[in-house]
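Order of the sequence lines sets the chain letters (A, B, ...), proteins ahead of strands, with each chain counted from 1.
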2 protein chains.
Amino acid sequence: MSAKFPELNLDKQLCFSLYAASRQVTRLYQPLLKQHDLTYPQYIVLLILWQNDGLMVKDIGQKSQLKSNTLTPLLKRLEQNDLVTRKRAKEDERQCYIYLTDKGKALENECACIPMEMLGQTDMSMDKLFQLKTLLDEFLQLHENHGG
Amino acid sequence: MSAKFPELNLDKQLCFSLYAASRQVTRLYQPLLKQHDLTYPQYIVLLILWQNDGLMVKDIGQKSQLKSNTLTPLLKRLEQNDLVTRKRAKEDERQCYIYLTDKGKALENECACIPMEMLGQTDMSMDKLFQLKTLLDEFLQLHENHGG
DNA sequence: ACGATTTAAATCGCACACGATTAAATCTAG
DNA sequence: CTAGATTTAATCGTGTGCGATTTAAATCGT
């Protein structure tokens, strides 16, 4: 009924809580994002571009912690949906700059309510949500230079 | 340089911290799991089975928050690697019971050190890691009945 | 100046995740 | 007793994630 090694018990593992909570949040966002024809990772990339338009794929990768093997197809889908354009830099043809289209910029207004609506979907207190975010960011900062 | 709507700023979004931290943890586990030919979700499923062998796909789904569309192929891969067997229940042929093989049981011993090794890879204090897990579990509990 | 190295993005292959549907077995209401 | 509803897995299609490799462009070292 229970693992031979207590340290392997699922309930005791932070890794599983993180994995499950992350997917749960994605599921909470999905109905809202679907109204704008967005997936969750596409929304993350748009958040980055709304904050700073005209980034290279590499920059988006650094901010999202995603590599080109994930970003290239994702950005092509955003381009197909007319939310961004992809332009090669003339001074360095290796670099691919990503710009929001008018439609992409307009989408920011439509998405402005999403954070508030998401807050409304959880019964967790603002205080605890803030604590959670602080701890996660601390963890990320401790590890952000280890893998790319 | 900055989003029109401050509430859309990436650094302010809990959702992104969670998404990034979860993937970071997966990346930390990967080198350890690769030694045993396991992926991270496969490890999660094995943690469940080590705790309670002989579950139905449905039970594993409830504990992992994964559905059969993810679990069926994952379990088939575990079966191919001779870590589990899949048996239809005679009394109800719809049900598929999953049992650990000897190899699957033996793997528990080999994985016993993984939690400790993972702890050694982070500089975050035990206290903060515990706080983090507590908050995540609280969040999960508040939402676990909303989607499956 | 020019081959070797480095860099940026794209490509490839595999394994998730998950919404939606399907298929088969079981249950249930009349 | 049986038609319809329910349950359980499996299947299908799309979109990530990511290690590894490839391609092309720029830079470096001699």
Short side-chain N/O contact to dA10(D) OP1/OP2 from Arg88(B), under 4.0 Å: yes
Length of the line joining Arg23(A):CZ and dG17(D):P, which is rounded to integer Å: 12 Å
Using whole Å, report how far CD of Gln95(B) lies from C1' of dA9(D). 11 Å
With distance as the sole test, does Thr39(B) use its side chain to make a donor-acceptor pair with the main-chain N or O of Gln42(B) at under 3.5 Å? yes
Leu142(A) side, atom CG; Gln24(B) side, atom CD - distance, nearest 0.5 Å: 10.5 Å
Rounded to whole Å, the CD-P distance (Gln42(A) to dG17(D)) equals 10 Å
For Thr39(B), report the nucleic acid contact type (base, sugar-phosphate, nothing); a contact means any heavy atom under 4.0 Å. sugar-phosphate
Whole angstrom value for the distance that separates P of dG15(D) from CD1 of Ile44(A): 18 Å
Would you say Asn109(B) and Lys4(A) are linked by a side-chain donor-acceptor pair, where the criterion is simply a distance under 3.5 Å? yes
Less than 4.0 angstrom between a side-chain N/O of Ser68(B) and OP1 or OP2 of dA9(D), yes or no? no
Of the candidate nucleotides dC16(C), dA9(C), dA9(D), which contains the atom at the shortest distance from the side chain of Arg77(B)? dC16(C)
Picking from dT11(C), dA9(D), dA10(C), the nucleotide nearest the side-chain atoms of Lys76(A) would be dT11(C)
Whole-Å distance separating the CZ atom of Arg94(B) from the P atom of dT6(D): 13 Å
In whole angstroms, how far is the P atom of dA24(D) from the CG atom of Asp92(A)? 15 Å
Over how many whole Å does the gap from Asp37(A) atom CG to dG15(D) atom C1' extend? 13 Å
What is the distance, to the nearest angstrom, from the CE atom on Met56(A) to the P atom on dA26(D)? 13 Å
Let me spell it out: for each of Lys34(B) and Leu74(A), pick the nucleotide of DNA chain D with the closest heavy atom. Which residue's pick is nearer the 5' end? Leu74(A)
Given dC18(D), dA17(C), dA9(D), which nucleotide is nearest the side-chain atoms of Thr70(A)? dC18(D)
Cation-aromatic face contact Arg23(A)/Tyr19(A), 6.0 Å, 45 degrees: yes
Return yes if a side-chain donor-acceptor contact under 3.5 Å exists between Thr101(A) and Asp82(A), otherwise no. no
Go nucleotide by nucleotide along DNA chain D from the 5' end; which of Cys96(B) and Leu66(A) gets its closest nucleotide reached first? Cys96(B)
Quick check on DNA chain C: between Lys58(A) and Tyr19(A), whose nearest nucleotide comes earlier from the 5' end? Lys58(A)
